[in-house]
Amino acid sequence: MKNETLFKLLAILGLFLAAGGSILAQGPAPPDRLASLGTAFTYQGRLTDGGSPASGQYDFQFTLHDDPTADSPVGSPVAVDNKQVTEGLFTVSLDFGAVFGGDALYLAIGVRPGSSTGAYTPLTPRQALTAAPYALSLRPGASIHNKATSGDMAGISLESDHGEGVAVNSAGGVGLRVYSSDAIGVGVDWAGWDGVRVQTAGNSGVYVNEAGGDGVFVGTAGNPSTSTLSVFKNGFEVAGAEGAGLYVGRADLAGVGVISAGSDGVFVYSAGDDGVSVELAGNPSTSTLSTYKNGFEVGGAEGHGLYVGRADRDGVYVNEAGGDGVTVVSADVDGVSVFSADYNGVNVGTAGGYGVFVGTAGGDGVTVFWAGDRGVSVGETGDDGVFVYRAGSSSTTSSSTQKNGFEVAGAEGHGLYVGRADRAGVSVGSAGQDGVAVYSAGWDGVYADTDQADHEWGVYTPDKIYAGTTLASGGPLMIVAQSGDTGSLETGDVVAVSGIGAVLADGEAPLPLVRRASATDAAADAVVGVVYRRLVTEAKLTEVQRDGQAETLSSPHTRSADGAIAPGEYLFIVVLGPAQVKAAAGAGDIQPGDRLTAGSAGQVRKAAPVKVGDVAFYPPGTIVGTAMEALDSDRASGLIWVLVRPQ
């Protein structure tokens with residue numbers, strides 16, 4: 001047709017959106033399913049030319065707009081050339097791609113004769129695209145009501161070989177909402193990738209207001225070695241997962257937040273690897289992942305590895321652990337911090353390894369600010385109760401092979417520091433061997449400074465104290481000496497200095513040689529004390545770990561013993577204080593208060609003063625001490641109590 005001046009179009013648009021019947025898939029989809037429906041739709045129109053139905057071939061151009069008049073194209077134009085029109089009627093298939101998202105769209109049409117190459121004549125007005133009635137349930141904001149009486153009928157059932165089953169790119173409110181369901185709110189029977197995935201959410205990624213069973217249930221994720229279903233109605237349940245049961249890549253606040261729980265906040269019954277693993281929390285200076293399968297693992301934390309604000313019972317409770325109950329490899333601040341606990345801050349019932357183990361801590365390994373009961377309580381352990389390998393930057397470390405109540409392999413400061421204790425700073429109720437043992441100290445082995453003005457009783461004990469070659473007890477002061485006598489010395493013998501002896505064990509200064517004093521020789525003028533008991537030196541073996549190698553250390557351990565002291569053996573002698581001394585009444589009865597001097601065979605007798613004119617005195621070096629009890633003629637000799645004070 002030529003020289004047409006005007007085309008008038010009466011167009012009738014039918015838009016058919018077909019919804020297939022719901023099918024509840026059971027397991028992976030079969031590989032021979034039908035091809036998916038495309039995005040093309042059918043348009044039918046009626047074209048008149050000069051008031052009469054048009055016949056012949058015409059060229060059409062179709063464009064979509066989101067406004068009835070404005071130039072606002074959506075997608076690309078679709079051209080249909082040399083389309084046969086019969087008695088005004090024509091049918092075309094239009095495909096603008098995936099542009100239908102529920103928004104209102106308008107179809108603009110241009111036409112020209114099939115034999116023409118000129119411009120298209122636009123036809124007005126634009127045709128509003130309308131939907132089939134049941135397709136309205138898929139528009140934005142629509143609701144689908146399932147009135148079926150069968151519990152197996154799904155509100156919406158989707159199958160997809162590729163891509164997401166349901167994709168919500170952005171939602172100002174709820175991405176997907178299910179108000180009520182007698183069965184499953186949202187069910188994913190099988191997914192090649194994530195069952196439910198939320199890329200970004202302004203509020204809750206997945207929100208379940210109320211559920212008759214589990215809030216979120218995952219039967220199997222990936223290909224786990226096994227799965228176990230819970231009989232409880234859980235907020236979040238994963239029966240089996242090849243990877244993490246719950247994985248949080250990044251959270252500005254809590255990775256997992258539990259506001260209130262009637263029972264366990266987070267409960268892991270069985271895990272093939274870590275029960276709970278946190279690789280990075282915040283922005284830590286560094287992180288280290290463990291190669292072990294841990295109950296709770298934190299690779300790196302800017303703040304606390306584990307923080308408990310308030311616990312009515314245990315802040316952290318480990319019933320049984322084959323390895324470490326709680327392990328902190330590295331912490332910039334506190335490895336484990338408990339600010340307040342009505343019961344135990346950290347309670348370890350039984351541990352095959354360490355109850356609490358701190359590998360390295362920039363601050364305190366374990367800090368207890370306040371505890372109503374015990375700060376740290378260890379009921380029973382197979383190894384050390386508390387073990388600290390290194391605190392700060394110690395010059396060296398030495399680990400014991402013994403199973404100790406408290407062990408510090410190396411500390412830059414104090415191995416054990418008590419800032420304030422209303423009672424004992426360190427209390428040992430019972431010890432099979434040493435109550436407190438210091439094998440090596442760069443400074444003071446034991447340092448005590450009281451808060452009294454006179455600094456009284458820095459160290460107090462009713463038992464004896466042995467330091468080097470000096471022994472202090474609740475009574476006398478004693479020193480260690482070596483026997484230089486030709487015979488055996490016995491308890492109560494008066495001895496005098498006779499020379500210089502050998503060095504004791506790992507000591508530095510030589511010991512005095514002593515022999516039994518007698519009034520018949522010059523030794524009577526060099527009385528130094530009274531024999532107390534023998535001194536026995538034994539080797540004490542201790543196994544330690546140095547640089548990963550076991551090493552046995554031998555250290556001398558001394559004690560007193562009964563029996564005669566042979567020549568060359570070591571002994572304790574009382575040099576000041578009360579002691580039982582051999583005495584004889586040969587020079588008269590001995591009465592309390594009498595000055596005593598050396599008699600015969602190491603015995604003491606009553607001393608007689610020397611008179612020079614009217615002045616009486618005792619020669620220097622002859623006085624052993626003062627009698628504290630009597631020795632009369634009824635008892636010619638024996639042991640009496642003497643306040644030893646050689647003069």
Would you call the rings of Y389 and F387 parallel, tilted or perpendicular if under 30° counts as parallel and over 60° as perpendicular? tilted
Does some side-chain heavy atom of L513 sit less than 4.5 Å from a side-chain heavy atom of V497? no
Between atom CZ of R605 and atom CG of L596, what is the distance when rounded to the nearest 0.5 Å? 10.0 Å
Counting distance only, does the side-chain N/O of E412 pair as donor-acceptor with the main-chain N or O of S393 below 3.5 Å? yes
Exactly one of L631, V644, V624, I623 should register a side chain to side chain contact (heavy atoms under 4.5 Å, CB included) with V604. Which one does? V624
Quick check: do T626 and D594 have side-chain heavy atoms less than 4.5 Å from each other? no
V612 vs F617 side-chain heavy atoms within contact, under 4.5 Å: yes
Taking all atoms of both residues into account, what is the closest heavy-atom pair of Y532 and V574, and its distance? CB-CG2, 4.1 Å
Residue pair Q603 / A583: nearest heavy atoms and the distance that separates them: NE2-O, 4.1 Å
Heavy-atom closest contact (E569 atom, A566 atom, distance): OE1-N, 2.8 Å
Could you please spell out the steps behind the side chain to side chain contact (heavy atoms under 4.5 Å, CB included) verdict for L416 and V408? CA-CA 8 Å; L416 174 62; V408 179; over 6 Å; no
Do you know the tightest heavy-atom contact between L639 and K582? CD2-N, 3.6 Å
Answer yes when K403 and D383 have at least one side-chain N-carboxylate O distance shorter than 4.0 Å, and no when they do not. no
Side chains of Y570 and R534, heavy atoms from C-beta outward: is any pair under 4.5 Å? no
Check whether Q482 reaches the backbone of G568 with its side chain - one donor and one acceptor, N or O, closer than 3.5 Å. yes
Would you check if R390 and V388 make a side-chain contact, meaning some heavy-atom pair closer than 4.5 Å? no
Using atom types as modelled and distance alone, determine if a side-chain donor or acceptor of R516 lies under 3.5 Å from a backbone N or O of S488. yes
Tell me which one of L571, L504, I565, L511 satisfies side chain to side chain contact (heavy atoms under 4.5 Å, CB included) with L535. L504
Side chains of L576 and R645, heavy atoms from C-beta outward: is any pair under 4.5 Å? yes
Counting distance only, does the side-chain N/O of E302 pair as donor-acceptor with the main-chain N or O of N283 below 3.5 Å? yes
Mind listing the closest non-hydrogen atom pair of V527 and A598 along with its distance? CG2-CB, 4.3 Å
Evaluate the side-chain proximity of I640 to I590: yes if any heavy-atom separation is below 4.5 Å, no if none is. yes
CA sep, side-chain torsions, deciding dist, call: I479, F572, side chain to side chain contact (heavy atoms under 4.5 Å, CB included): CA-CA 6 Å; I479 64 172; F572 285 109; over 6 Å; no
Sidechain-backbone polar pair: Q580 side chain, W641 backbone, donor-acceptor under 3.5 Å: no
At what distance, to the nearest 0.5 angstrom, does CZ of R515 lie from OG of S483? 11.0 Å
Looking at D485 and G487, would you say the former's side chain and the latter's main chain have a donor-acceptor pair under 3.5 Å? yes
Spell out, as yes or no, whether a donor-acceptor pair under 3.5 Å connects the side chain of R559 to the backbone of V536. no
Is a side-chain N or O of D384 found less than 3.5 angstrom from the main chain of N404, in a donor-acceptor match? yes
Can you see which heavy atom on A481 is nearest to which on I573, and at what distance? CB-CD1, 4.2 Å
